[in-house]
Amino acid sequence: MPFTANRTFKAHPRLLSAAKGMYYTDTDGHQILDGTAGLWCVNAGHGRQPIVDALHAQAQKLDYASSFNIGHVDSFRAASEVAALMPQSMDRVFFTNSGSESVDTALKIAVAYHRAKGEGQRTRLIGRERGYHGVGFGGISVGGISPNRKAFSGVLLPGVDHLPHTHDLAHNAFSRGQPAWGGEHFADALEDIIALHDASTIAAVIVEPLAGSTGVLLPPKGYLERLRAITEKYGILLIFDEIITGFGRLGAATASDFFGVKPDIITFAKGVCNAAVPAGGVSVRRGIYDTIVDATEGGIEFFHGYTFSAHPMATAAILATLGIYRAEKLFERAHGLAGKFEDAAHALKGTAHVIDIRNLGLVAGIELESRPGAKGARAAEVFAKCFDRGLLVRYTGDIIAISPPLIIEEKQIDQIFSTLKDVISVVK
């Protein structure tokens, strides 16, 4: 099982059998409040009928169509609707099946772009410590989570460097929203990396605007703006990995929109189809697309793709999901609930073992003091006890992450954090 202690799971399995709205149901019939939107992905809530109906209709009409040299109408409709939510001129879309594939695609596009410009020596990629960009070799290479990297260290991509992560408890513990300290300090480390390798060798910098999987690490004020300024100065592409932050998680269509910082490439997945079927993609600045295509006089311009790119079932789910977001104004709803969510999260301050709380939009991270010699054990116990009490949370190391569906009600926000407080208080 993925990212699972398999022996532990088999000894004490947690099995789900159904889901609707804000709740899962396990095989014993107990309801579990979904505090994580599945895995950061079920943004519109579970079992949404418009998506179910769209998938049923699509399966009857067109079950599969290749995107190699042919296409289908809904792939272009879905691309247009995704592009409408992206920053201006980022309207060229390449569909994938997952966030991992989206990242590998984005990295290839960046290298192909520089090659098309006659700068084929620009192949170096810059990621970030504690960054998560999926589990493809490209994503692991630019990622910065050591357990993900160590088993494959000898076969990762060469020519990769990493920025420092942005988490600083000494200066920013218990910040509400973006931390005040460290924006230029952390971003200016890119200048040092550029000085070491020379800008003419660097293709792209990839970061999560808000790092979720590694424990909710927020960008300090001014950080993303400074990264954008440095990359523009040296002709380096800036990639935002928005697998988690895309489609309403921060109360806006994208983190780019929320922060007011426009990258060159955005990766997306998860919330784009409400996780109804595997789907993802890359949104690219039009000039990048044009440069790659115009550099080839004839034939295939970009040697890359997947059997299931723009799969008809995926595009049907995307169209139905984006329709729900519009009709129910879920991005605006998330924005409106962010204050309540923040207050509820920070009410845990002073609870035993809690050494930091951080939040943005409908995302919160509660960091617990680690037990001596047993990092992650305390949070793992909190996860298990919360599940037994009817609440699904996520943990990484000793950090509890909360990221509920955008349809959450205020009373359910209270339930999440009151349950967490009760559980953390009894865990030794």
Side-chain angles (χ1 to χ4, degrees), residues 2-3 34-45 82 85-86 96-106 127-128 130-136 139-140 142-145 148 165-167 177-178 206-219 223-224 239-259 261 263 265-276 278-283 318 321 325 330-331 334-335 338 341 345 358-366 392-397 399-406 408:
F3 287 107
D34 185 0
T36 61
L39 197 60
W40 309 88
C41 49
V42 188
N43 290 1
V82 167
L85 295 173
M86 295 294 147
T96 68
N97 309 289
S98 68
S100 294
E101 290 182 359
S102 296
V103 167
D104 278 11
T105 299
R128 189 168 60 189
R130 294 183 70 171
Y132 180 72
H133 300 291
V135 294
I140 296 175
V142 295
I145 301 178
N148 293 2
H165 64 75
T166 62
H167 186 41
Q178 283 187 269
I206 180 169
V207 297
E208 302 154 278
L210 176 151
S213 297
T214 191
V216 186
L217 309 185
L218 305 180
Y223 173 78
L224 296 173
I239 303 170
F240 277 2
D241 183 341
E242 295 224 32
I243 309 302
I244 283 175
T245 54
F247 306 101
R249 179 55 50 196
L250 300 183
T254 63
S256 174
D257 182 19
F258 180 86
F259 292 114
V261 180
I265 299 173
I266 288 176
T267 63
F268 61 86
K270 294 189 183 290
V272 70
C273 65
N274 206 45
V282 180
S283 173
I318 289 169
T321 298
Y325 292 152
L330 289 187
F331 303 166
H335 177 76
F341 188 82
R358 40 195 184 267
N359 71 281
L360 202 64
L362 291 189
V363 183
I366 296 91
L392 179 64
V393 300
R394 175 168 164 72
Y395 74 97
T396 177
I399 301 163
I400 303 296
I402 304 297
S403 57
L406 310 184
I408 192 169

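Atom set for the values below is all heavy atoms of this structure, side chains included, hydrogens, waters and symmetry mates excluded. All figures in this text were calculated on a predicted structure; none of them were measured in a lab.
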Do any N or O atoms from the side chain of [X] and from the backbone of [Y] form a donor-acceptor pair under 3.5 angstrom?
{"X": "S100", "Y": "V135", "result": "yes"}
{"X": "T36", "Y": "I402", "result": "no"}
{"X": "T214", "Y": "R130", "result": "yes"}
{"X": "E242", "Y": "F268", "result": "no"}
{"X": "R394", "Y": "S403", "result": "no"}
{"X": "E208", "Y": "Y132", "result": "yes"}
{"X": "T254", "Y": "G246", "result": "no"}
{"X": "T396", "Y": "G215", "result": "no"}
{"X": "N274", "Y": "N43", "result": "yes"}
{"X": "R249", "Y": "W40", "result": "no"}

What are the two closest non-hydrogen atoms of [X] and [Y], and how far apart are they?
{"X": "V82", "Y": "I318", "result": "CG2-CG2, 4.1 Å"}
{"X": "A269", "Y": "S98", "result": "CB-C, 4.0 Å"}
{"X": "A345", "Y": "A364", "result": "CB-CB, 4.1 Å"}
{"X": "G139", "Y": "D104", "result": "N-OD1, 3.2 Å"}
{"X": "V272", "Y": "A279", "result": "CG1-O, 4.0 Å"}
{"X": "I399", "Y": "G365", "result": "CG2-CA, 4.4 Å"}

Approximate separation, where rounding is to 0.5 Å, of [X] [atom1] and [Y] [atom2]:
{"X": "L406", "Y": "Y325", "atom1": "CG", "atom2": "OH", "answer": "6.5 Å"}
{"X": "I239", "Y": "H133", "atom1": "CD1", "atom2": "NE2", "answer": "9.0 Å"}
{"X": "T245", "Y": "D257", "atom1": "OG1", "atom2": "CG", "answer": "11.0 Å"}
{"X": "I243", "Y": "L39", "atom1": "CD1", "atom2": "CG", "answer": "12.0 Å"}
{"X": "R128", "Y": "I145", "atom1": "CZ", "atom2": "CD1", "answer": "11.0 Å"}

Exercise for the section: Flag the pair L360 / F259 as yes when at least one side-chain heavy-atom distance between them is below 4.5 Å, and no otherwise. Expected result: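 Sidechains of F259 and L360: in contact.
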Practice task
Report yes if the side chains of P404 and F341 come closer than 4.5 Å at any heavy-atom pair, otherwise no.
Solution key: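 SC-SC contact between P404 and F341 confirmed.
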Exercise for the section: Please determine which of T267, I206, V261, I265 meets the side-chain contact (heavy atoms from CB on, under 4.5 Å) test together with F240. Expected result: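 The passing option is V261.
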Problem - Within 6.0 angstrom of H165 NE2, more than 12 heavy atoms from elsewhere - result: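 Counting neighbours around NE2 of H165, more than 12 heavy atoms of other residues, nucleotides or ligands fall under 6.0 Å, so yes.
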